[in-house]
Amino acid sequence: MAFDPRAFRSLFPALSLTVNGHPAAFFDGPGGSQVPEAVIAAHRDYYVSRNANTHGQFETSRLADETVEEARRAAAALLGAEGPEAISFGQNMTTLNFALARAIGRTLKPGDEVVVTELDHDANVAPWLSLEERGISIRWCPVRLDSCTLDMDAMRTLIGPKTRHIAVGYASNAIGTVNDVAEVVRLGHAAGATVSIDAVHFAPHALIDVQKLGCDFLLCSAYKFFGPHVGILYSRPGLLDELPTDRVRPQDPTAPTRIETGTLNHAALAGTTAAIETIAAQGEGPDLRACIASAFAAIYPYEHGLAGRLWRGLGGIPGVALYGPEVSDGLRAPTVSFRIQGQDPATVARRLGERGFFVWDGDFYAVTLIERLGLADRGGVVRVGMAPYILAEEVDALLGAVREIAG
Ligand SMILES: Cc1ncc(COP(=O)(O)O)c(C=O)c1O
């Protein structure tokens, strides 16, 4: 099924915004995507017709239960999970990951090792670093600066008999690198360790299959794929039930609720379902999962094409330095980062913003990577993110503006 970006765009009311007379171009997706009308409507519908706390003996409470269950089913389809019981929700990825790390940390003893990477967003590093106070050793898998990829040879030597857990990112939110997470899972399991994957940056762009990956945990965030601010945790069936999570005494101690503290944001869960259904509607197939797979089969090449257009265009502008793996045939997130020689990324981003091009600058919390690139005290990079609602002419217009700013 061919992807129709104009039809997709028409679903998003925010895309008609103008800035200083310029149409807004939302290249800020890696920081958070725009939402379609269906997601907005789902929030309204929740508050109008199903707003209650869960597990009550009356209609709106039953509907609130249904809202949560529907979101679990939709997220399970998005991730290829075994079923809704494998999906837990939380405030955002970071908060869920701290809860997960705290719980896993309680099962470890001093001298045990956890592997993190230099490529990751700090949300997939800091929760594990916090285990150092329990005597857990943190081992860092380095990034290869020549290729902007994880050093998998180093990963192989880092993983050993003391490794208990590996926290790896699926895709870099700063430079677009996609890691061989299936291989990390294989290596981790061979050493008897569990593996969690931060898929926040990967999830909006390509199909995830947690069962195929065989990972133990995977986290993502709905606001990166056209939904509201909701964190999603996949746990391989059986694993969460064993973990000593923080929880209140009356809480259901089984998966998926075992790690969910307090009342969830039900309206946002309704919106999460709508966001996943919006993705699915871009594809076709006999069920939600098949539609999502078919949608990403169309969305991925579209976004990749836009990223390639931008990469090649920027590469031809004197004074522009690109960061990250080249956008060519390989699997890559459609996120392109660059600097203009002699110019501060924040100033470049502000000047682009004034012309309606919304791009991010800085380290995007991928602090270690930006440090390793020698850019920590130089403002990091300018980051341009593709989304299926971006058009080729917006990429061309952005290139024109960068050319002018680069002077
Ligand atoms: C790769 C990656 N991981 C984790 C996070 C944190 O996600 P959240 O804002 O849901 O805590 C982000 C947010 O930008 C991200 O890009």
OG1-CG distance between T117 and L158, expressed to the nearest 0.5 angstrom: 10.5 Å

Main-chain N/O of T278 paired to Q282 side chain as donor or acceptor, under 3.5 Å: yes

Passing option when I197 is tested against I166, L219, V185, N179 for side-chain contact (heavy atoms from CB on, under 4.5 Å): V185

Check against side-chain contact (heavy atoms from CB on, under 4.5 Å), W140 and V115: CA-CA 6 Å; W140 286 84; V115 177; over 6 Å; no

Atom pair SG (C141) and CG (L119), whose distance is rounded to the nearest 0.5 Å: 9.0 Å

Short side-chain to backbone donor-acceptor contact, N20 and H22, under 3.5 Å: no

Ion pair D146/R144, N-O distance below 4.0 Å: yes

Close side-chain approach of C220 and M93, heavy atoms under 4.5 Å: no

Salt bridge (charged side-chain N to carboxylate O under 4.0 Å, His left out) assessment of R332 paired with E326: CA-CA 9 Å; R332 192 194 193 286; E326 189 182 338; over 6 Å; no

Side chain proximity check, F27 to V395, heavy atoms < 4.5 angstrom: yes

Exam field: side chain T60 to backbone R50, donor-acceptor pair closer than 3.5 Å: no

Under-4.0 Å salt bridge between R247 and E260: no

Test item: F225 and I276 side chains (from C-beta on) under 4.5 Å apart, heavy atoms: yes

Of H304, K224, E303, the residue whose pairing with H205 passes side-chain hydrogen bond (donor to acceptor under 3.5 Å, both in side chains): E303

Given K162, R139, R164, the one that forms side-chain hydrogen bond (donor to acceptor under 3.5 Å, both in side chains) with E113: R139

Pair R62 + D65: basic N to acidic O under 4.0 Å: no

Positive for side-chain contact (heavy atoms from CB on, under 4.5 Å) with I292, one of I299, L207, I208: L207

Spacing of N265 atom CG and Y46 atom OH [to the nearest 0.5 Å]: 8.5 Å

Test item: V381 and L375 side chains (from C-beta on) under 4.5 Å apart, heavy atoms: yes

Exceeds 12 heavy-atom contacts within 6.0 angstrom, atom CZ of R44: no

Any V402 side-chain heavy atom under 4.5 Å of V320 side chain: yes

Evaluation steps, salt bridge (charged side-chain N to carboxylate O under 4.0 Å, His left out), between E354 and R351: CA-CA 5 Å; E354 285 162 2; R351 291 181 69 185; 5.7 Å; no

Test side-chain contact (heavy atoms from CB on, under 4.5 Å) applied to N92 and H229, step by step: CA-CA 6 Å; N92 48 49; H229 292 95; over 6 Å; no

Side-chain donor/acceptor of R309 to backbone N/O of D396, under 3.5 Å: no

Lys/Arg-Asp/Glu bridge criterion (N-O < 4.0 Å) met for R350, D361: no

Derivation of the side-chain hydrogen bond (donor to acceptor under 3.5 Å, both in side chains) call for H165 and T194: CA-CA 5 Å; H165 187 78; T194 48; 2.7 Å; yes

Test item: I405 and I340 side chains (from C-beta on) under 4.5 Å apart, heavy atoms: yes

Crowding at CD, Q341 (>12 non-hydrogen neighbours, <6.0 Å): no

Greater than 12 external heavy atoms within 6.0 Å of W128's CH2: yes

Reported CG-to-OH distance for the pair L145 and Y323, which is rounded to 0.5 angstrom: 11.0 Å

Y365 side chain reached by D120 side chain, heavy atoms, under 4.5 Å: no

T257 side chain to D252 backbone, donor-acceptor under 3.5 Å: yes

Intermediate values then yes/no, side-chain contact (heavy atoms from CB on, under 4.5 Å), F217 and V210: CA-CA 8 Å; F217 304 97; V210 286; over 6 Å; no

Sequence neighbours excluded, every pair satisfying side-chain hydrogen bond (donor to acceptor under 3.5 Å, both in side chains) that has a member inside residues 382-392: none

Ring-ring centroid check F12 F26, cutoff 6.0 Å: no

Salt bridge flag under 4.0 Å for residues R258 and E85: no

Test: D209 and R289 ion pair at under 4.0 Å: yes

Audit row: H55, S61, side-chain hydrogen bond (donor to acceptor under 3.5 Å, both in side chains) steps and yes/no: CA-CA 6 Å; H55 305 317; S61 183; over 6 Å; no

Separation between OG1 of T177 and CG of L369, rounded to the nearest 0.5 Å: 7.5 Å

Verdict with supporting geometry, V384 and T335, side-chain contact (heavy atoms from CB on, under 4.5 Å): CA-CA 6 Å; V384 184; T335 301; over 6 Å; no

N/O donor-acceptor pair under 3.5 Å between S33 side chain and G29 backbone: no

side-chain hydrogen bond (donor to acceptor under 3.5 Å, both in side chains) assessment of D198 paired with N97: CA-CA 9 Å; D198 171 1; N97 211 23; over 6 Å; no

Check: R134 side chain, G105 main-chain N or O, donor-acceptor pair, under 3.5 Å: yes

Euclidean distance, E70 CD relative to T272 OG1, rounded to 0.5 Å: 12.0 Å

Residues D216, R236: salt bridge by 4.0 Å N-O rule: yes

Ion pair check, D246 and R106, cut-off under 4.0 Å: yes

Option among L15, I390, D4 that satisfies the side-chain contact (heavy atoms from CB on, under 4.5 Å) test with R9: L15

Under 3.5 Å donor-acceptor, Q211 side chain and G80 backbone: yes

Non-neighbouring partners of F3 that pass ring pair (Phe, Tyr, Trp, His ring centres under 6.0 Å), sequence neighbours left out: F8, Y302

Side-chain donor or acceptor of E242 paired with backbone N/O of L239 under 3.5 Å: no

F98, CZ atom: more than 12 neighbouring heavy atoms under 6.0 Å: yes

Beyond-backbone contact of F226 with P388, side-chain heavy atoms, under 4.5 angstrom: yes

